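Read through the structure below, which is laid out as structure tokens, and then see the notes.
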Amino acid sequence: MNCASPARVDRAYGGIDPQIGSAMHDIRTIRENPAAFDASLARRGLQGLSAQVLVLDEDRRGKILAAETATAEQNRASKEAGAAKGRGDEIEFERLRAEVAVKKAAIQRLTEEAAAQDQALRDLLMGIPNLPLDAVPDGKDETQNVEIHRWGTPRDFDFTPKEHFDIAGVIPGMDFATAAKLSGSRFVVLKGAVTRVHRALAQLMLDTHVEDHALTETWTPVLVKDEAMYGTNQLPKFAEDSYQTTNGWWLIPTAEVTLTNSVAGEILDEVLLPIRMAGHSQCFRSEAGSSGKDTTGMLRQHQFEKVEMVTICTPQTALAEHDRMTKCAEAILEKLGLPYRTIVLCTGDMGFGAQKTHDLEVWLPGQQKYREISSVSTCGSFQARRMNARFRPNGGGKPDYVATLNGSGLAVGRCLIAVLENGQEADGSVTLPAALHPYLHGKTKITAEGTLS
RNA sequence: GGAGAGGUGGCGGAGUGGUCGAUCGCGCCGGUCUCGAAAACCGGAGUGGGUUCACGCCCACCGUGGGUUCGAAUCCCACCCUCUCCGCCA
């Protein structure tokens with residue numbers, strides 16, 4: 001098992017081959033208003049792509065016209081040949097047959113040219129990120145994100161709070177040495193009380209989403225085919241971030257992949273929407289490119305647990321669903337009494353597929369910083385176009401692309417860190433949030449010796 | 001791992017070389033009938049692309065990619081996927 005080689009990833013898009021009109025960006029929209037397209041991308045720091053797109057598109061259409069005209073002529077000749085044969089006119093049949101044979105080579109060349117132009121345009125469009133919504137603030141990097149909400153007050157410690165891996169009561173339950181022996185760096189072995197709290201957190205999250213937020217609990221594979229990774233745009237651009245098995249499966253970096261792709265290729269009746277799911281899974285990330293970052297502790301691991309939320313809805317309701325999903329994630333932190341802030345990412349800091357993203361950052365006293373614990377994005381129809389996921393409007397009519405949203409609710413490991421750091425006491429014990437007590441059968445703290453009590 | 005079956009329109013399911021983009025059933029939309037509905041009857045409707053002011057016309061699509069042929073859903077080759085049985089196994 002290793003990171004994919006580029007050759008491996010270069011294959012076709014599985015069974016769900018997007019057409020030009022649905023290659024993440026609608027070519028007609030660009031044709032109709034190239035200035036608006038450029039203006040949106042300029043906010044992401046990309047310059048004047050529409051000219052390049054339109055030149056390619058025009059060339060492509062010219063080639064298609066030539067190829068299709070020639071094909072139509074051949075089809076007509078073939079049909080006439082059949083008719084001639086039918087009425088026993090051998091001379092006419094032979095003449096038409098020869099005519100078709102002559103055209104064949106030219107048609108093949110024209111068709112190949114048209115297909116090449118079509119592919120070139122698709123490749124170009126595939127590499128262009130989603131367009132930010134108007135409500136997204138402009139900015140070039142994370143320093144220009146905008147805080148929109150803040151909850152809770154960081155606790156006033158009368159001692160210097162430690163990072164999670166230095167807390168006395170945590171040390172026996174968080175074994176990096178053994179993990180290194182088994183698997184290398186960026187892994188952890190959890191033991192005893194810490195494991196129990198970790199498990200309790202995941203249960204609390206799932207129960208809250210199911211009971212309070214009406215999300216449908218969903219359990220999925222963590223090994224997926226290429227096409228699922230294309231659907232949620234881990235492929236083809238970000239192959240080096242994920243792991244692949246020897247027989248070609250990918251280990252999901254997030255359950256967003258499976259939950260979102262569950263509707264790939266479908267035409268859903270509008271009455272079924274919105275579909276709101278929550279799933280708890282292992283996640284696997286190579287963390288290529290983050291070497292040196294967060295190397296100590298379990299903040300950034302190759303394998304971690306996350307409860308993921310995914311919503312499939314109509315484009316018209318996507319923004320309202322985005323706010324709803326953000327609240328679902330915030331509710332977990334509030335139940336746990338963990339101070340956090342919500343920020344809206346600026347245009348320069350958003351992920352490739354997002355139209356708008358809210359990040360939740362939880363207060364980590366050991367670092368004296370707010371750190372990301374959830375990222376909630378609406379992708380509009382961007383992923384739906386790749387997956388060919390559509391809905392049929394109420395009352396009939398042409399199918400339209402659904403909107404897809406995803407968000408962490410929450411990263412379990414990071415949430416564990418937050419609980420441990422925020423609840424730590426001067427003596428090395430950890431006071432646990434009341435919301436967890438039922439899941440711990442009444443236990444309320446981790447002692448300085450590392451046991452539940 | 002071994003053996004077999006199969007991939008066709010929203011769904012089910014026909015179709016083995018020539019008006020097949022595709023019979024039929026269900027479901028869907030419109031209409032007749034009805035106070036209204038059901039039933040019955042009549043009619044309509046695939047997806048994507050190109051072209052046109054428009055009506056329309058053209059091209060592609062029966063898992064994917066090649067091949068044979070004047071002509072392929074139908075024949076040949078390769079690949080992918082699904083299912084069934086056997087074996088192994090949590």
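Order of the sequence lines sets the chain letters (A, B, ...), proteins ahead of strands, with each chain counted from 1. This is a predicted model, so every value here is computed, not measured.
Of the two residues near RNA chain B, A:Ala77 and A:Gly62, the one whose nearest nucleotide lies more 5' is A:Gly62. Between A:Arg392 and A:Arg97, the one whose closest nucleotide on RNA chain B sits nearer the 5' end is A:Arg392.
Donor-acceptor pairing under 3.5 Å is recorded for the side chains of A:Ser290 and A:Glu287. In the model, A:Gln117 has no side-chain atom that pairs as donor or acceptor with a side-chain atom of A:Glu113 under 3.5 Å. For A:Gln383 and A:Thr404, the side-chain atoms include at least one donor-acceptor pair closer than 3.5 Å. Counted by atom type alone, A:Thr444 and A:His437 present zero donor-acceptor pairs between their side chains at under 3.5 Å.
Here B:C11 presents its C1' atom at 14 Å from CG of A:Leu272, a figure rounded to the nearest Å. When rounded to the nearest whole Å, the span between CD1 of A:Ile64 and P of B:A60 equals 13 Å. Atom NZ in A:Lys79 sits about 12 Å away from atom P in B:A72, given to the nearest Å. One atom, CG of A:Leu96, and another, P of B:G71, lie 12 Å apart when rounded to the nearest Å. Regarding A:Leu268, its CG atom lies at a distance of 21 Å from the P atom of B:G27, rounded to whole Å. One atom, CH2 of A:Trp249, and another, C1' of B:C81, lie 13 Å apart when rounded to the nearest Å. Residue A:Gln74 contributes atom CD, which lies 11 Å from atom P of B:C59 at whole-angstrom precision. Rounding to whole angstrom units, CD of residue A:Glu227 and C1' of B:G63 are separated by 11 Å.
Base pairing in RNA chain B yields stems of at least 3 consecutive Watson-Crick or G-U pairs, both distances under 3.5 Å, namely B:1-7 with B:80-86, B:10-12 with B:24-26, B:28-32 with B:40-44, B:46-51 with B:56-61, B:63-67 with B:75-79.
OP1 or OP2 of B:U19 has not a single side-chain nitrogen or oxygen of A:Asn75 nearer than 4.0 Å. Under 4.0 angstrom from either OP1 or OP2 of B:G49 there lies at least one side-chain N or O belonging to A:Arg28. In terms of phosphate contacts, A:Arg60 brings a side-chain nitrogen or oxygen within less than 4.0 Å of OP1 or OP2 of B:G50. In this model, the phosphate group of B:G50 is approached by a side-chain N or O of A:Arg31 to a distance below 4.0 Å at OP1 or OP2.
Among the protein residues, A:Asp269 comes within range of no part of the nucleic acid, since none of its heavy atoms lies under 4.0 Å from any strand. Across all strands, A:Ser78 comes closer than 4.0 Å to base atoms (heavy-atom distances). Contacts of A:Lys398 with the nucleic acid, taken as non-hydrogen atoms under 4.0 Å apart, involve only primed sugar atoms and P, OP1 or OP2.
Of the candidates B:U69, B:G50, B:C81, B:U69 carries the atom nearest the A:Lys104 side chain, counting heavy atoms from C-beta on. Looking at the side chain of A:Ile267, the nearest of the listed nucleotides B:C70, B:G10, B:U47 is B:G10. Among B:U47, B:U82, B:G50, the nucleotide with an atom closest to any side-chain atom of A:Pro399 is B:U47. Of the candidate nucleotides B:G48, B:G10, B:G50, B:G48 has the atom lying nearest to any side-chain atom of A:Arg390. Closest to the side chain of A:Arg61, out of B:C70, B:G50, B:G10, is B:G50.
The separation of B:G4 from B:C58, taken at their P atoms, amounts to 46 Å, rounded to a whole angstrom. Rounded to whole Å, the separation between the P atoms of B:G50 and B:U69 comes to 33 Å. Straight-line distance between the P atoms of B:U74 and B:U19: roughly 14 Å, to the nearest whole Å. Only the C1' atoms considered, B:C83 is 15 Å distant from B:G63, to the nearest whole Å. Nucleotides B:C70 and B:G17 have their C1' atoms positioned 12 Å apart, rounded to a whole Å. Using P as the reference atom, B:U8 and B:G44 are 27 Å apart when rounded to the nearest Å. Nucleotides B:G48 and B:A37 place their P atoms 33 Å apart, quoted to the nearest Å. For the P atoms, the distance linking B:U84 with B:C26 amounts to 29 Å, nearest Å.
Taking the six-membered ring for Trp and the full ring otherwise, the centers of A:Phe238 and A:Phe352 sit less than 6.0 Å from each other. Two rings, from A:Phe187 and A:His302, have their centers less than 6.0 Å apart.
Scanning both residues, A:Asn261 and A:Ala228, for their nearest heavy atoms gives ND2-O, 2.7 Å.
Residue pairs satisfying the side chain to side chain donor-acceptor pair (under 3.5 Å) criterion with at least one member in residues 191-201 of chain A, sequence neighbours excluded, are listed as follows: A:Asp175-A:Lys191.
At a threshold of 4.0 Å, the pair A:Asp323-A:Lys327 does not count as salt-bridged, since none of the basic side-chain nitrogens sits closer than that to a carboxylate oxygen.
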